Amino acid sequence: PESESESESVEGNTLVVDALTANGVSTIYGVVGIPVTDLARTAQDRGVRYLGFRNEQAAGHAAAAAGYLTGRPGICLTVSAPGFLNGLVALANATVNCFPMIQISGSSDRAIVDLEQGDYEELDQVATARPFTKAAYRVDSPELIGVGVGRAIRAAVSGRPGGVYLDLPANVLSASAVRTPPPQIVDPSPRQIPAPESVDRAVALLEQARRPLIVLGKGAAYARADAVIRELVEATGAPFLPMSMAKGLLPDDHPQSAAAARSLVLARADVVVLIGARLNWLLDHGRPPRWSADARFIQLDIFATEFDSNRPIEAPVLGDIASSVAALLAAIRRSRIAPVPEWREQIEASKRANIKRMDAQLHADVHPMDFAVALRAIRDVLDDHRDAIVVSEGANTLDSARNIIPIYAPRHRLDAGTWGVMGVGLGYAIAAAVETGEPVVAIEGDSAFGFSGMEIETICRYKLPVVVIVFNNGGVYRGDEVNAHSDDPAPTVLLHSSRYDTLIEAFGGIGYHAETPAQVAAALRSALTTAAPALIDCVIDPAVGTESGHLQMLNRPAREEEP
Ligand SMILES: Cc1ncc(Cn2c(C)c(CCOP(=O)(O)OP(=O)(O)O)sc2=O)c(N)n1
């Protein structure tokens with residue numbers, strides 16, 4: 001046991017845990033080994049919850065999701081070189097998603113690395129990390145550990161959040177230094193109040209709108225400004241479009257939701273308010289034909305160089321989302337902005353037609369199941385479990401679940417995000433269960449599941465309330481087509497006999513096999529009732545679905561009538 005006296009010297013490991021716990025860190029996700037095992041043990045001895053994964057990439061995704069869900073940096077702990085590199089995918093993805101995450105990794109002795117004298121797991125990790133992170137730091141003496149941890153925390157959560165790398169060489173962790181009180185970071189993510197003139201400019205533009213549209217991004221969900229965002233949307237009376245992880249900021253059944261009329265509102269909106277949403281590929285870069293060439297943009301964002309990235313922003317509002325939304329709401333209340341009933345009627349007509357068409361697909365009598373009927377069964381069960389957090393990845397699975405599974409509360413959907421990364425599913429599910437205590441339902445394409453599937457053992461080991469539903473259509477995107485290139489008009493499609501339900505049984509979890517919507521519903525109801533680790537092997541017709549889901553337009557020239 002470490003000395004509690006402040007005058008005596010302690011190991012670097014203890015100084016790291018002092019600094020982390022002094023700044024509110026209570027959970028670490030990771031894969032330990034030389035030289036970080038003692039760091040994890042010291043953390044556990046001090047009451048920090050450490051969760052050991054099967055692969056650092058999943059541990060990193062869990063840390064990133066923890067950062068998004070809590071607003072505090074998620075911590076991932078890895079060993080040098082290969083462990084560090086496995087975690088780097090998740091750290092880079094956290095930076096792209098703007099999730100606050102710190103990857104702490106052991107590393108080799110700098111003197112040996114710099115002379116390339118061949119240390120154990122030798123790699124210049126800071127240089128490797130820097131291009132993929134918001135910040136990357138190395139601590140070269142135990143006396144500076146508190147400074148390094150403090151800098152990493154502030155860098156991860158201040159301004160636009162992101163991934164931060166903190167390099168702790170083995171000889172620093174094992175060295176001793178006099179124990180001094182670690183720095184407690186004051187106001188690590190300060191509010192950034194928008195300039196009044198920027199708010200006035202935005203309101204003046206909104207007053208001219210005949211067909212306004214509010215787009216809510218995951219930056220708005222991350223801000224935890226749920227009430228004021230809802231007030232703003234309702235005060236304008238404008239239709240809103242949530243990006244996938246912003247679903248639930250206002251419930252998907254809210255009358256102003258335009259999700260079921262997405263094509264119409266993108267093509268016809270004349271003034272668009274982007275709130276924590278980037279005009280990137282997920283919004284077709286704001287360009288025609290998906291958007292009107294005449295559309296004018298207001299953008300609320302915390303990162304100035306995001307403005308004008310794809311379309312000119314006539315009213316940029318720079319600030320943290322909570323402060324900017326509050327300022328805009330106050331100004332709107334003093335303005336002449338009023339709902340535009342004819343615009344809302346157009347949207348309602350489009351919603352009715354699209355919902356009717358979707359409803360026919362959801363209740364089709366198809367065997368084997370397709371994505372829609374399986375998801376309708378899941379939707380109907382989740383309607384009685386609105387506290388459940390939905391995680392999703394895959395291609396057709398991801399896209400169809402986004403459109404079919406409604407979300408009624410903020411930060412209750414986690415998915416492949418800005419980069420469309422496969423492999424996030426089980427790490428996100430573990431973090432969601434650990435950080436929120438809510439039940440978690442992970443809706444996974446079978447190939448996507450395979451990227452982190454071994455974490456099923458981690459879920460069982462920690463007895464987490466996670467239900468994994470594997471959409472089993474026998475391959476990447478769809479089943480393997482046998483003789484697909486012969487002149488046979490209907491290629492015989494081979495359905496793998498994979499039984500994912502038996503996988504979880506190997507680790508003590510509950511496996512279900514479902515081939516009909518009724519079986520899917522019964523399995524999910526049972527799994528949610530037991531609140532134990534479960535996996536539903538959901539058999540999907542291998543012949544349905546499209547290459548890359550809805551991304552097919554990225555694989556070939558855009559077609560006119562895209563779904
Ligand atoms: C790390 C990584 N590797 C590969 C891909 C490419 N990819 C891959 C491999 C996907 C899996 C699709 O197979 P699935 O069975 O999960 O999907 P369905 O939902 O269509 O069945 S979706 C997609 O974009 C990716 N996005 N991320």
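Numbers here simply count residues along the sequence, with the first being 1. Computed from a predicted model, the values in this text were never measured in an experiment.
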Check the pair Ile28 / Leu20 against side chain to side chain contact (heavy atoms under 4.5 Å, CB included), numbers first and verdict last.
CA-CA 10 Å; Ile28 295 176; Leu20 289 173; 4.3 Å; yes

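- In this pair, Phe371 and Phe471 present their aromatic rings parallel. The plane angle is below 30°, not in the 30 to 60° band.
- Checked for salt-bridge contact, Asp383 and Arg379 miss the test: no charged N lies under 4.0 Å from a carboxylate O.
- Open room surrounds CZ on Arg191; 12 or fewer heavy atoms of other groups in view lie less than 6.0 Å from it.
- Using a 4.5 Å heavy-atom threshold, the side chains of Ile430 and Tyr462 count as separate.
- A 6.0 Å sphere centred on CZ of Arg151 holds no more than 12 heavy atoms belonging to other residues, nucleotides or ligands.
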Set out, in order, the CA-CA distance, both residues' side-chain angles and the distance that settles side chain to side chain contact (heavy atoms under 4.5 Å, CB included) for Leu329 and Val228, then state yes or no.
CA-CA 8 Å; Leu329 175 60; Val228 72; 3.8 Å; yes

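- With hydrogens and angles ignored, the 3.5 Å screen pairs no side-chain donor or acceptor of His61 with any backbone N or O of Leu426.
- Without hydrogens or angle criteria, Arg154 side chain to Val186 main chain gives a donor-acceptor distance under 3.5 Å.
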Would you sort out whether Tyr137 and Tyr165 count as a ring-ring contact (aromatic ring centres under 6.0 Å, His included), showing the intermediate values?
CA-CA 6 Å; Tyr137 305 115; Tyr165 175 60; 9.6 Å; no

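- Counting only distance, with no hydrogens or angles, the side chain of Asp415 and the backbone of Gly417 share a donor-acceptor pair below 3.5 Å.
- Contact of the Met245 side chain with the Tyr68 side chain is registered, since non-hydrogen atoms from C-beta on lie closer than 4.5 Å.
- The backbone N or O of Thr397 lies less than 3.5 Å from no partner atom in the side chain of Ser400, so there is not a single donor-acceptor pair.
- The side-chain contact (heavy atoms from CB on, under 4.5 Å) search around Asp399 returns Arg402, His550, not counting sequence neighbours.
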Assess whether side chain to side chain donor-acceptor pair (under 3.5 Å) is satisfied between Asp320 and Ser323, documenting all intermediate values.
CA-CA 6 Å; Asp320 70 89; Ser323 302; 2.6 Å; yes

Val215 and Leu213: side chain to side chain contact (heavy atoms under 4.5 Å, CB included), yes or no, with the steps?
CA-CA 6 Å; Val215 178; Leu213 172 66; 4.0 Å; yes

Test side chain to side chain contact (heavy atoms under 4.5 Å, CB included) on Val79 and Val32; report intermediate values, then the result.
CA-CA 6 Å; Val79 302; Val32 292; 5.6 Å; no

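- Side chain of Glu393 to main chain of Gly423: a donor-acceptor pair is present (N/O by atom type, distance under 3.5 Å, no hydrogens or angles).
- Here the closest heavy-atom approach between residue Ala81 and residue Gln125 is recorded as N-OE1, 2.7 Å.
- With Gln256 contributing its side chain and Val233 its backbone, the two residues share a donor-acceptor pair below 3.5 Å.
- Listed for the Asn23 side chain is a donor-acceptor partner under 3.5 Å among the backbone atoms of Ala19.
- Side-chain contact between Ser324 and Gln299 is absent, with no heavy atoms from C-beta onward closer than 4.5 Å.
- For Asn97 (side chain) and Thr418 (main-chain N/O), a donor-acceptor pair under 3.5 Å exists by modelled atom type.
- In terms of modelled atom types and a separation under 3.5 Å, the side chain of Arg411 and the main chain of Ala221 share a donor-acceptor contact.
- Judged purely by distance below 3.5 Å, without hydrogens or angles, the side chains of Ser257 and Asp252 never pair a donor atom with an acceptor atom.
- A cation-pi arrangement is present between Arg224 and Tyr222, with the terminal nitrogen or guanidinium carbon under 6.0 Å from the aromatic centre and inside a 45° cone about the axis.
- Side chains of Thr42 and Thr14: no donor on one and acceptor on the other come within 3.5 Å.
- Within the 3.5 Å criterion, the main-chain N or O of Leu91 finds a donor-acceptor partner in the side chain of Thr95.
- Side chains of Asn472 and Asp537: a donor-acceptor N/O pair is present below 3.5 angstrom, by distance only.
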